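Reviewing the structure listed below.
Counting begins at 1 with the first residue of the sequence. Keep in mind the model is a prediction, meaning the values are calculated, not measured.
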Amino acid sequence: PLADVFQYAVQIADALAKAHAAGIIHRDIKPGNVMVTGDGLVKVVDFGLAKVQPGSVHAGNDAPTLELTGARVVLGTVAYMSPEQATGDPLDARSDIFSFGVLLFEMIGGRRPFEGKTTIEVLRQLLAPEAVAVEARLPRAPADLVRIVSRALAKDREQRFGSIDEMRHALRAAHASAL
């Protein structure tokens, strides 16, 4: 139900905002990493692929670290990763925004925006320059929510929300106007 979509989406955005404020990029936002308790509390879990952004307060040199992945190594779940993650480019918080957009699309429409029988087919769609036709594929969704998903799924990260806080604000406004 749409009320649940908004309730869960705002809580996911809240969790990502806390991680991003700490300089952490999750890098694997997908349904299996979002848990909902019996009383409707959403938990974003499995930070196993998370990365601390360079320059964040938690990226200091005080403690020894072990780099488990080298430069341009692709990790994550293909159907939910951003184009820049799929190509092994440097990531920032906007990569999580894209993945959250994929998750939100699936929450609304019951299917993912990038689908295929093979990983290569999914990657081909993900890396194609064409935008996802969100409005055509989610015809029953409120226009404000469609705009949020479309912006989150922009292939060019410069066209996405600048921060998860900005996306969270848009979700709250869309929820208020849908009531």
### Message
Any side-chain to backbone donor/acceptor pair from Q85 onto R27? Under 3.5 Å, distance only.
### Response
yes
### Query
Between atom CE of M81 and atom OG of S95, what is the distance when rounded to the nearest 0.5 Å?
8.5 Å
### Spacing of I120 atom CD1 and L126 atom CG [to the nearest 0.5 Å]
11.5 Å
Show me the side-chain donor-acceptor pairs of residues 30-45 shorter than 3.5 Å, one per line, residues at least two apart or across chains.
{"from": "K30", "atom 1": "NZ", "to": "T77", "atom 2": "OG1", "distance (Å)": "3.0"}
{"from": "N33", "atom 1": "ND2", "to": "D28", "atom 2": "O", "distance (Å)": "2.8"}
{"from": "N33", "atom 1": "ND2", "to": "D28", "atom 2": "OD2", "distance (Å)": "3.3"}
{"from": "T37", "atom 1": "OG1", "to": "D39", "atom 2": "OD1", "distance (Å)": "2.4"}
{"from": "T37", "atom 1": "OG1", "to": "L41", "atom 2": "N", "distance (Å)": "3.0"}
{"from": "T37", "atom 1": "OG1", "to": "L41", "atom 2": "O", "distance (Å)": "3.3"}

### Query
Which pairs count as side-chain hydrogen bond (donor to acceptor under 3.5 Å, both in side chains) when at least one residue sits in residues 98-123, sequence neighbours excluded?
Y80-E106
### Query
Considering residues at least two apart in sequence or located in another chain, which fulfil the side-chain contact (heavy atoms from CB on, under 4.5 Å) criterion with E135?
V146
### Query
Can you tell me how far the CD1 atom of I12 sits from the CE atom of M107, to the nearest 0.5 Å?
5.0 Å
### Message
What verdict does the side chain to side chain contact (heavy atoms under 4.5 Å, CB included) test give for I29 and V102, after you've listed the backbone C-alpha separation in whole Å, the side-chain angles of each residue and the deciding distance to 0.1 Å?
### Response
CA-CA 9 Å; I29 300 299; V102 174; over 6 Å; no
### Query
Can R160 and F98 be said to form a side chain to side chain contact (heavy atoms under 4.5 Å, CB included), step by step?
CA-CA 8 Å; R160 292 182 210 141; F98 185 92; 3.6 Å; yes
### Query
Are side-chain heavy atoms of V149 and R137 found at a separation under 4.5 Å?
no
### Summary
With sequence neighbours left out, the residues meeting salt bridge (charged side-chain N to carboxylate O under 4.0 Å, His left out) with R124 are none
### Query
Less than 4.0 Å between a side-chain N and a carboxylate O, is that true for R172 and D14?
yes
#### Entry: Counterpart residues, ring-ring contact (aromatic ring centres under 6.0 Å, His included), relative to F6 (two or more places apart)
H175
### Atom pair CG (L138) and CZ (R140), whose distance is rounded to the nearest 0.5 Å
10.0 Å
### Task
List the atom of S177, the atom of A174, and the distance in Å for their closest heavy-atom pair.
OG-O, 3.0 Å
### Message
Checking K155 against E130 for the salt bridge (Lys or Arg N to Asp or Glu O under 4.0 Å) test, could you report, in this order, the C-alpha distance in whole Å, the side-chain angles of both residues, the deciding distance, and whether it holds?
### Response
CA-CA 8 Å; K155 303 280 182 101; E130 299 85 28; 5.9 Å; no
### Message
On a heavy-atom basis, which atom in F161 and which in E166 lie closest, and how many Å separate them?
### Response
CD2-CG, 3.7 Å
### Task
Measure the CG-CD1 distance between D92 and I25 for me, rounded to the nearest 0.5 Å.
6.0 Å
### Summary
For V122 and A79 the tightest heavy-atom approach is CG1-CA, 3.9 Å
### Straight-line distance of E84 CD to L127 CG, nearest 0.5 Å
10.0 Å
#### Entry: Shortest non-hydrogen separation from I97 to S163 and the atoms involved
CD1-C, 3.5 Å
### Query
Is there a side-chain contact between L104 and L153, using heavy atoms and a 4.5 Å cut-off?
no
### Contacts of D165 that satisfy salt bridge (charged side-chain N to carboxylate O under 4.0 Å, His left out) - sequence neighbours left out
R168
### Task
Identify the two heavy atoms, one from V134 and one from S150, that lie closest to each other, and give their separation to 0.1 Å.
CB-OG, 3.3 Å
### Task
Could you walk me through whether D96 and I164 pass the side chain to side chain contact (heavy atoms under 4.5 Å, CB included) test, one step at a time?
CA-CA 8 Å; D96 281 348; I164 195 67; over 6 Å; no
